[in-house]
Each structure stands twice: as structure tokens, then as C-alpha cells.
*Asks:* 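First the structure, then my questions, so here it is.
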Amino acid sequence: MRKVLGKAFFERKTALVAQALLGKFLVRKIGGKVVREMITEVEAYIGPHDLASHASKGRTTRTEIMFGEAGTLYIYFVYGMYWMLNVVTEGKNYPAAILIRSTENYKGPGVLTRELKIDGKLNGQRLGKSSGLWIESDLKIENSKLKIHRSARIGVSYAGKIWSKKLLNYKILSSSNT
DNA sequence: AGCAAGATCGGT
DNA sequence: CCGATCTTGCTG
């Protein structure tokens, strides 16, 4: 049985939501087709002091969305080529989001968005069927049975001694179900 | 107005 | 390791 995750799921502590997202399914509707991909790696960006997070620069045109409602899509362009897919977490005015880095078939955040046709047009929209992009749980997959590995976030060496080393990258090592 | 850097990727 | 490629935010 499947269930679409709503605002309440994302309106919790970001580290908690990050772990909970592993084993969930990212669903993308492209034309008439629906693609379902199990999320295998995510990264948390938490609060106004996290130097790895865009939000550490405060409210700007770009970061405003991170200060918004849980479940909102934060999608930005990097390196002149790739779109990064994030979901806003926690309460309003507290900037936090989770970067969806990989799914079973798509390794890496840039590849993921390229293959699922996700770009800036979705920036600021709510995760959900109306935007054609949502996340579902599948009761067959029990998150508690997943082996999860935490490590430092990727590509954030600019974030200083403390923040570049926080163990906010979460990935599935293996699972006893599926 | 100009500039440096970037939550990446694929090829050497 | 290196280049591709372009938006963003900061400086002046």
C-alpha cells in the first residue's frame, strides 16, 4: 500500500526527515508516464548557521524558499549545468531543506534531475500530485529495517572545519526487505 | 558592471 | 585532475 507524504511529514527535525526519506519513493509524472524511484541517498541542510547551506547567507531572492513551508520544492541551478532537487523542512522562518542526491537508478543529484526532467519551473511549488512530483511511502518497505550510513556531505569543503564535517549525508547500505 | 565560486559530472 | 557552463550574491 502506498501513501503520498504530506506537509506533516516534512515539518519535523530535518535530520529525522532525512533518515525517514530513505526507502521512500520519488515519483515523477512525465507526460502520461509515472516513474517511481526509491530514494537511496539524501543530505540535510539545517538552519541559519549551517555554512554549507545557501541559507547561511540569510534571506535572498534565492534562499527565501528555504524559509518557507515544509514540503515546498527548492530547486536551484549549479555549475552552469545541473538542477539540484531539495525539499523544504521544519517550520516557517527556519531555513532547512533536504537534497535528494540519489535513487536506485540515478546516482548523483545532477543526473537524477536530468533524467526525471526536473528543473527550475518547479522551484517554489509544493511537492504533490498537482506539480507532477511527489514522494510516497510503500508499506512493503520498512524504514526501520534499512541499514543506514551517515557521512560528511559531498562538495561542501567551503563550509569550514565544523560544518563541512557534520555527518548529514544519509544513504542506504543495504536492506533486508524489498 | 564585473567577478569569483559553486550542494556536479564525465572524461583523462 | 580538469574543463564545461551560467546563475547568484557580493563588491565597488
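Nothing here was measured: the structure is a model prediction, and the numbers come from that model. Computation of the quantities below employed the complete heavy-atom set of this structure, encompassing side-chain atoms and omitting hydrogens, waters and symmetry-equivalent molecules. Letters go in sequence order (proteins before strands), and every chain restarts at 1.
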*Asks:* Around atom NZ of A:K107, are there more than 12 heavy atoms from other residues, nucleotides or ligands closer than 6.0 Å?
*Replies:* yes
*Asks:* With a 3.5 Å limit on both atom pairs, tell me what B:dG11 is paired to, counting Watson-Crick and G-U wobble, or say none.
*Replies:* C:dC1
*Asks:* Does the protein touch nucleotides 1-12 of chain C at the base, only the backbone, or not at all? Give it as B, S and - per nucleotide, heavy atoms under 4.0 Å.
*Replies:* ---BBBSSS---
*Asks:* Decide if atom CD1 of A:I162 counts as having more than 12 heavy atoms of other residues, nucleotides or ligands within a radius under 6.0 Å.
*Replies:* no
*Asks:* Is any side-chain heavy atom of A:M84 closer than 4.5 Å to a side-chain heavy atom of A:F77?
*Replies:* no
*Asks:* Measuring from atom OG1 of A:T14 to atom CG of A:D50, what distance do you get when rounded to the nearest 0.5 angstrom?
*Replies:* 9.5 Å
*Asks:* Does A:Y76 have A:R62 sitting over its ring (NZ/CZ under 6.0 Å from centre, angle to axis within 45°)?
*Replies:* yes
*Asks:* Anything under 3.5 Å between a donor and an acceptor, one on a side chain of residues 33-43 of chain A, the other on a protein residue two or more places apart or in another chain? List them.
*Replies:*
from, atom 1, to, atom 2, distance (Å)
A:R36, NE, A:E136, OE1, 3.2
A:R36, NH2, A:E136, OE1, 2.8
A:E37, OE1, A:T103, OG1, 2.6
A:E37, OE1, A:N105, N, 3.1
A:E37, OE2, A:N105, ND2, 2.7
A:T40, OG1, A:S102, O, 3.2
A:T40, OG1, A:T103, O, 3.4
A:E41, OE1, A:S102, OG, 3.0
A:E41, OE2, A:R101, NE, 3.4
A:E41, OE2, A:N169, ND2, 2.8
A:E43, OE1, A:Y45, OH, 2.7
A:E43, OE2, A:I154, N, 3.0
A:E43, OE2, A:N169, ND2, 2.8

*Asks:* Both A:Y158 and A:R114 contact DNA chain B. Taking the nearest nucleotide for each, which residue is further toward the 5' end?
*Replies:* A:Y158
*Asks:* Would you say A:T60 and A:T63 are linked by a side-chain donor-acceptor pair, where the criterion is simply a distance under 3.5 Å?
*Replies:* yes
*Asks:* Name the orientation class of the two ring planes belonging to A:H54 and A:Y74 (parallel below 30°, tilted from 30 to 60°, perpendicular beyond 60°).
*Replies:* perpendicular
*Asks:* Taking any atom under 4.0 angstrom from a heavy atom of chain A, which nucleotides of DNA chain B are the first and last to qualify, 5' to 3'?
*Replies:* B:dG6 to B:dG10
*Asks:* Let's test this: given Watson-Crick or G-U wobble pairing with both distances under 3.5 Å, identify the partner of C:dC6.
*Replies:* B:dG6
